[in-house]
Amino acid sequence: MPLDIDYNPCQGRVGIDDLYLTLMPSTPLNQWVQMFWQLNVPYGSYHYRSVPDNCVDLIINVAQPDEMFIVTPFTSSIVFEMTGPVTYFGIRFRLLGHHGLICAPVGEWNNPEHTVTPNDLLSPDVLHQLCESVTQKIEFQPRCETVSRVILGAIQHRKIDSRIARYIRYCYQSPQSNINLSDKQCAQFGLSARQLRRLTHQYLGLSPKDFAKVLRFQTTLNLMNLEPASGVWANHYYDQSHFIREFKSMSGVTPSEFLSSSVLYNPN
C-alpha cells in the first residue's frame, strides 16, 4: 500500500442525477485506486470544472478510447470543454497510487497543461486491455470490475521513499494555515527543505507548499459538504477572508457558488 492514510478528496456536484457515477474499488485495489467514475455528458456544448485534489486521474473516452489522457496534480481549477453526447470513464488513483502502474515519477512527465498521453507511460498491453475493458457495452459497475482485473494484473509493488511519505502524513495530520517547512521541521522527515522541494516536485508534481495548500483545501471541502452552513474553514485558515481568497484561487468560484452550482454546465 503506497500510504496508510485515509485521504479521500472530492470534486464538485454534477447537478443532473445519473450523469456522474462513482464506485469505490474493493480490496486490494483500493490501496492504489481511490475511485472509478463515469461522466455522461448530454447533447450540446458543456464545460466541466475540475478542482485540485493532489491526485492523478487516467481518463478514457468510452466511444473513442484512443482519446485517453492523464491529468496530473494542479493548483487551480481546470475547465474542460466537451461536446456531447460523450461518456468519459476515469480512474482516480490515491496519493502516489499511480506508481503501481507508472514507474516514472510524475515530475518527469508533468507539463504546464497538466494533461499528458499515457502512451509512453503504460505498456502497450495494459493500454490495449484498458481500452477493451472500457469500450465494452456494459453497465458502469461491471465496467469497473473488468477494469479492476486489468489493473490488478498489472500492478507492481514499488517502494515509496519514506521521507516523502512522512511529509505527506505530516500535511494530512496538520492541515492548518501555518504548516512549518523550516529546515528544523524537514529534518524530522529525514531531509532538508531543499531536498523536500526536489522530492515533492519529483513525486507529487507540486511544490511542498502547493501540495499542503491543496490538501488543506480538500480537507475543508469535505467538511463543507458535510456541514455546508458551518464555519469549518476556521480550523484551517487565518480568517474568513483568507479562506475565501484561497478557495476562489483554487476553485475559480467562491465557496457559496461552488456548493450551489453544478461543475458540469452549459456555458451559453
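None of these values were measured; they are calculated from a predicted model. The residues of the chain are indexed from 1 along the displayed sequence.
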Task: Y237 and E246, any side-chain heavy atoms less than 4.5 Å apart - done: yes

Open item on the list: With a 4.5 Å cut-off on side-chain heavy-atom distances among I, L, V, M, F, W and Y, is there a chain of contacts connecting Y46 to Y43?
Closed with: no

- [ ] Give the C-alpha distance, both sets of side-chain angles, the deciding distance and a yes or no for side chain to side chain contact (heavy atoms under 4.5 Å, CB included) between Y48 and Y88.
- [x] CA-CA 12 Å; Y48 180 88; Y88 291 101; over 6 Å; no

Task: Atom pair OH (Y172) and CD (Q218), whose distance is rounded to the nearest 0.5 Å - done: 12.5 Å

Open item on the list: Are the side chains of R216 and T219 in contact, using a 4.5 Å heavy-atom criterion?
Closed with: no

Task: Contact check, side chains of M224 and P255, non-hydrogen atoms, under 4.5 Å - done: yes

Open item on the list: Could you report the tightest heavy-atom contact between Q136 and E132, atom names first, then the distance?
Closed with: CG-O, 3.2 Å

Task: Any donor-acceptor pair under 3.5 Å from S262 side chain to Y265 backbone - done: no

Open item on the list: Is the shortest side-chain heavy-atom distance between F93 and C55 below 4.5 Å?
Closed with: no

TODO: Could you go through the side chain to side chain contact (heavy atoms under 4.5 Å, CB included) check for V14 and V263 one step at a time?
DONE: CA-CA 6 Å; V14 174; V263 293; 4.0 Å; yes

- [ ] Check whether any side-chain heavy atom of V51 lies under 4.5 Å from a side-chain heavy atom of M250, and answer yes or no.
- [x] no

Task: Backbone N/O of V147 and side chain of S133: donor-acceptor pair under 3.5 Å - done: no

Task: R49 side-chain N/O to I78 backbone N/O, donor-acceptor pair under 3.5 Å - done: no

Open item on the list: Testing the basics here: between L191 and L199, what is the closest heavy-atom pair and its distance to 0.1 Å?
Closed with: CD2-CD1, 3.3 Å

Task: Side-chain heavy atoms of R169 within contact of I5, under 4.5 Å - done: yes

Open item on the list: Between L152 and L23, is there shared hydrophobic-cluster membership here, with clusters defined by ILVMFWY side-chain heavy atoms closer than 4.5 Å?
Closed with: yes

Task: Interatomic distance, Q11 atom CD to S50 atom OG [nearest 0.5 angstrom] - done: 4.0 Å

Open item on the list: Can you give me the closest heavy-atom contact between L181 and P208, atom names plus distance?
Closed with: CD1-CB, 3.8 Å

- [ ] Could you tell me whether the side chain of S174 and the main chain of C171 form a donor-acceptor pair under 3.5 Å?
- [x] no

Open item on the list: Looking only at the side chains, is there a donor atom on one of E81 and S45 sitting less than 3.5 Å from an acceptor on the other?
Closed with: no

- [ ] Classify the side-chain pair S123/D125 by whether it contains a donor and acceptor separated by less than 3.5 Å.
- [x] no

TODO: Determine, stepwise, if the pair D210 / T75 fulfils side-chain hydrogen bond (donor to acceptor under 3.5 Å, both in side chains).
DONE: CA-CA 7 Å; D210 282 342; T75 58; 4.9 Å; no

TODO: For the pair Q64 (side chain) and N61 (backbone), establish whether a donor and an acceptor sit closer than 3.5 Å, ignoring hydrogens and angles.
DONE: no

Open item on the list: Do V86 and I138 sit in one hydrophobic cluster, given that two such residues count as connected whenever their side-chain heavy atoms are within less than 4.5 Å of each other, even indirectly?
Closed with: no

TODO: Grab the two heavy atoms, one from L58 and one from M68, that are nearest each other, plus how far apart they are.
DONE: CD1-CG, 3.7 Å

Open item on the list: Consider side-chain contact (heavy atoms from CB on, under 4.5 Å). Of L19, I60, L21, which one does Q38 pass it with?
Closed with: L21

- [ ] Would you give the length of the straight line joining atom CD1 of I168 to atom OH of Y7, rounded to the nearest 0.5 angstrom?
- [x] 10.0 Å

Open item on the list: Looking only at side-chain N and O atoms, does T87 offer a donor or acceptor that is under 3.5 Å from a partner on N40?
Closed with: yes

Open item on the list: With a sphere of 6.0 Å drawn around CG of N111, does it hold more than 12 non-hydrogen atoms of other residues, nucleotides or ligands?
Closed with: yes

TODO: Spell out, as yes or no, whether a donor-acceptor pair under 3.5 Å connects the side chain of H242 to the backbone of Y238.
DONE: yes

- [ ] Spell out, yes or no, whether F217 and V79 are grouped together once hydrophobic residues are joined by side-chain heavy atoms under 4.5 Å, including indirect joins.
- [x] no

- [ ] State which residue, out of V253, T254, N225, fulfils the side-chain contact (heavy atoms from CB on, under 4.5 Å) condition with L259.
- [x] N225

- [ ] To the nearest 0.5 Å, tell me how far L215 CG sits from L206 CG.
- [x] 11.0 Å

TODO: For the residue pair F258 and F247, categorise the inter-ring angle as parallel (less than 30°), tilted (30 to 60°) or perpendicular (more than 60°).
DONE: perpendicular

Open item on the list: Do F36 and R143 make a side-chain contact, defined as non-hydrogen atoms from C-beta onward lying under 4.5 Å apart?
Closed with: no

Task: Considering all heavy atoms, the nearest I164-L196 contact - done: CD1-CD1, 4.4 Å

Task: Polar side-chain atom of H201 near backbone of G107 as donor-acceptor pair, under 3.5 Å - done: no

Open item on the list: Check this for me: does any side-chain nitrogen of one of E257 and K248 sit under 4.0 Å from a carboxylate oxygen of the other?
Closed with: no

TODO: Under the side chain to side chain contact (heavy atoms under 4.5 Å, CB included) rule, what do W32 and I151 come out as? Steps first, then yes or no, please.
DONE: CA-CA 10 Å; W32 291 273; I151 299 176; over 6 Å; no

Task: Interatomic distance, L3 atom CG to L96 atom CG [nearest 0.5 angstrom] - done: 5.0 Å

Task: Spacing of I59 atom CD1 and T115 atom OG1 [to the nearest 0.5 Å] - done: 9.0 Å

- [ ] Using a strict 4.0 Å threshold on nitrogen-to-oxygen distance, state whether R92 and D53 make a salt bridge.
- [x] yes

Open item on the list: So for atom NE2, which belongs to H47, do other residues, nucleotides or ligands contribute more than 12 heavy atoms lying within a distance under 6.0 Å?
Closed with: yes

TODO: Give a yes or no on whether N119 atom CG has more than 12 heavy-atom contacts from other residues, nucleotides or ligands under 6.0 Å away.
DONE: yes

TODO: Please name the pair of heavy atoms, one in W109 and one in V116, separated by the smallest distance, quoted to 0.1 Å.
DONE: O-CG1, 3.1 Å

Task: Side chain D57, main chain V71, donor-acceptor under 3.5 Å - done: no

- [ ] Any chance you could lay out the ring pair (Phe, Tyr, Trp, His ring centres under 6.0 Å) test for F189 and Y170, step after step, and finish with the verdict?
- [x] CA-CA 9 Å; F189 312 141; Y170 169 70; 5.2 Å; yes

- [ ] Evaluate the side chain to side chain contact (heavy atoms under 4.5 Å, CB included) criterion for residues S162 and R166: first the C-alpha distance (whole Å), next the side-chain angles of each, then the deciding distance (0.1 Å), finally the verdict.
- [x] CA-CA 6 Å; S162 60; R166 282 195 288 270; 3.8 Å; yes

TODO: Check whether any side-chain heavy atom of I91 sits under 4.5 Å from a side-chain heavy atom of H98, and report yes or no.
DONE: no

- [ ] If the plane angle is over 60° it's perpendicular, under 30° parallel, otherwise tilted; pick one for Y20 and W37.
- [x] tilted

